[in-house]
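Before any comments, here is the structure.
Just so it is clear, the structure is predicted and the values come from calculations on it, not from any experiment.
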Amino acid sequence: MTTKGGLMNTFLTRYTRPAIACVALAFALILGNSLFSLHHAFAVNPLLIQLNSDPYTNSSSQHKTEVEPDTYSFGSTIVAALQAGRFYSGGGSSNIGWATSTNSGTSWTKGFLSGITVYAGGPYNRVSDPAVVHDAAHNIWLISSLAMNIRNNTVVGVAVLVSRSTNGLTWGKPVVVATAGSTDYFDKDWIVCDETVKSPYYGHCYVEWDNSYHNGRIMMSTSTTGGLTWGSPKSPQTQTFSGLGGQPLVQPGGKVIVPIYGTDLTTKRDHIYAYTSTNGGTSWNNPVTVSIVTYNLQQATYRGGSLPSAEIDQAGKVYVVWADCRFETNCTAGDIVMSTSTDGITWTAVQRIPIDAVGSGIDHFTTGLAVDKNTAGSLAHLALAFYYFANTNCTNATCQLYAGFVSSTNGGASWSPKVQLAGPMSVKWLANTTIGYMTGDYISTSIVGSQAFPTFPVTFAPQNNTLQEYMYTAALNVVGGTIKAGRNAVVVTTQVQRVNAAHRTAN
């Protein structure tokens, strides 16, 4: 499957090479931004493949911008979904785009969903939060999204939608999963399906979202019809935090485990939580705490950081990663950390993924994890994409954003050296929002065969006052490494807290 990264600074805060690299890449973009099946651009290390480009021209949103990708792989097919034409205020985009490869990433076809926004034959003002999955029982691909309208001069999440396709290339009009009432505000949907033939709930698909006007109340809906119809939303009986960004995963036996970010309603401290269902979504058990979250507040107003990215291996072990500063003295920079569980209730101690040395001053955030579904346990293959600032003590004027990648072939016990995927990128080249410049609240990685395909926005200097933020992937071998993960935190500070009022502006 794939993954979501996270948010920072106001919503959590949290980016080279010679100039010739940027010039060559920009030139490649000029040559090939229209219809294409495979577009190669110059890259610092791996060869980057452009997946899509924002085609919209409405003056109310920012062009050309593409942000917040999710991906999923099944067999030799990979489907990516993304936002195109990001709005500055209130969240959302002009439409959801997609890019699909049916030959293990060799070539790609791109397009945009129809019937959602007014810019593509639909009734809604905006759309946000795409997530993609495959339902093997019904041979259907599904992209969930959050439809948004303007209500009383406020942009509100008004419906969770699912678009369906039998091949990842032709998509139908959206199906409504749930509609928000006049006192509701839906946010941050995610989707998964049970693909294990021997599972008692094979073919059950689950959509998760939260209701931000009701203390981030967790909502779950289940389909047994390939996404054609959906059950009434259900919630855990007890929830003591405001939830955001839950990512449901399904074990081979049918148990659903949902890691989720949340802010304790009493202490206002941020945590990673998890909750489960053992009866195919008929009911949902109360959440447990995975870990507290610590982070440093950046000077740059970059939006993206600590939402969890979660995946599951062949045996049903769940891996969840997020950005955290507990291993850095005084929380002066962020690392990517990981915890695992085999039952969704008991979780391992948090360990640091050793992308860079402790004390390096490099700040890591907005991560997308993939786990090879054909591997497990101590032989599990993990692939991790992320963004980083080379110097955490930077500002909007000086920050240089990079995309990076590491992998493991022993379940995360040790990791490969970092590969630089893209950068340097100026923060000010990114789509802007009222809570910071953004590549997305999450990014994504999927594994096909022995290769990982991280999917992430890459941005270039604006042209004629128009942004140049496009969606890319790269084919990278999943390799082992000898850089061992760590388990002992240097310092856990309690003084740095996210401004909770910004928690509900995440679309």
Side-chain angles (χ1 to χ4, degrees), residues 2-5 15-17 21-55 63-73 78-86 93 96-101 104-112 130 132 304 366-368 370 383-388 401-405 419-426 429-431 438-440 442-448 451-461 463 467-477:
T2 294
T3 38
K4 300 188 175 183
Y15 274 65
T16 135
R17 275 290 167 86
C22 294
V23 172
L25 187 45
F27 183 68
L29 286 170
I30 294 171
L31 292 178
N33 262 345
S34 57
L35 290 174
F36 54 85
S37 63
L38 179 63
H39 171 77
H40 290 270
F42 185 89
V44 173
N45 281 312
L47 188 67
L48 296 186
I49 304 166
Q50 186 179 344
L51 297 180
N52 212 315
S53 175
D54 170 18
H63 308 290
K64 292 182 173 284
T65 61
E66 292 188 324
V67 299
E68 208 156 76
D70 183 41
T71 65
Y72 197 91
S73 65
I78 316 168
V79 176
L82 54 97
Q83 294 185 48
R86 179 71 192 187
S93 62
I96 300 301
W98 56 267
T100 298
S101 173
S104 302
T106 300
S107 61
W108 295 79
T109 302
K110 70 172 184 176
F112 293 85
V132 60
T366 317
T367 184
L384 183 75
F386 52 91
Y387 285 103
Y388 61 99
L401 177 68
Y402 297 82
F405 174 86
V419 174
Q420 181 182 311
L421 299 176
M425 298 173 275
S426 170
W429 296 350
L430 301 172
M438 73 179 293
T439 54
Y442 52 88
I443 59 173
S444 182
T445 307
S446 285
I447 294 176
V448 177
Q451 290 190 308
F453 291 85
T455 300
F456 53 98
V458 178
T459 190
F460 311 96
Q463 298 179 9
L467 295 174
Q468 307 291 314
E469 188 172 11
Y470 308 106
M471 199 60 62
Y472 281 84
T473 190
L476 297 108
N477 291 330

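Asp70 places no side-chain N or O within 3.5 Å of a backbone atom of Pro130 that could act as its donor or acceptor partner. A donor-acceptor contact shorter than 3.5 Å links the side chain of Thr367 to the backbone of Ala385. With hydrogens and angles ignored, the 3.5 Å screen pairs no side-chain donor or acceptor of Gln468 with any backbone N or O of Ala461. With hydrogens and angles ignored, the 3.5 Å screen pairs no side-chain donor or acceptor of Lys110 with any backbone N or O of Leu51.
Closest of all the heavy-atom pairs between Ser53 and Phe112 is O-CZ, 3.4 Å. Annotation for Ala452 and Ala383: closest pair CB-CB, 3.6 Å, computed over non-hydrogen atoms. The minimum heavy-atom distance linking Ser73 with Ile447 is given by the pair OG-O, 3.0 Å. Shortest non-hydrogen contact noted between Thr455 and Ala80 is CG2-CB, 4.5 Å. Heavy atoms only, all atoms of each residue included: Ser93 and Ala84 are closest at CB-O, 3.4 Å. Residues Gly368 and Thr445 share a closest heavy-atom pair of O-OG1, 2.9 Å.
Scanning for side chain to side chain donor-acceptor pair (under 3.5 Å) contacts around Gln83 gives Glu68, Arg86, Ser128, with sequence neighbours left out.
Side-chain contact between Phe456 and Thr366 is absent, with no heavy-atom pair separated by less than 4.5 Å. A heavy-atom distance below 4.5 Å is not found between the side chains of Asn52 and Trp98.
Thr473 OG1 to Gln451 CD: the interatomic distance, rounded to the nearest 0.5 Å, is 10.0 Å. To the nearest 0.5 Å, the span separating CE on Met438 from CD on Glu469 amounts to 8.0 Å. Atom OH of residue Tyr387 and atom CG of residue Leu421 lie 9.0 Å apart, to the nearest 0.5 angstrom. Here Ile78 contributes atom CD1 and Phe453 contributes atom CZ; the two are 4.5 Å apart, rounded to the nearest 0.5 Å. To the nearest 0.5 Å, the span separating OG1 on Thr65 from CE on Met471 amounts to 9.5 Å. Note that the CD1 atom of Ile443 and the CG atom of Leu82 stand 13.5 Å from one another [nearest 0.5 Å].
The aromatic rings of Phe460 and Tyr470 lie tilted to each other, with the angle between the two planes from 30° to 60°.
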message = Between Thr439 and Leu430, is the side chain to side chain contact (heavy atoms under 4.5 Å, CB included) condition met? List the steps.
response = CA-CA 7 Å; Thr439 54; Leu430 301 172; 3.7 Å; yes
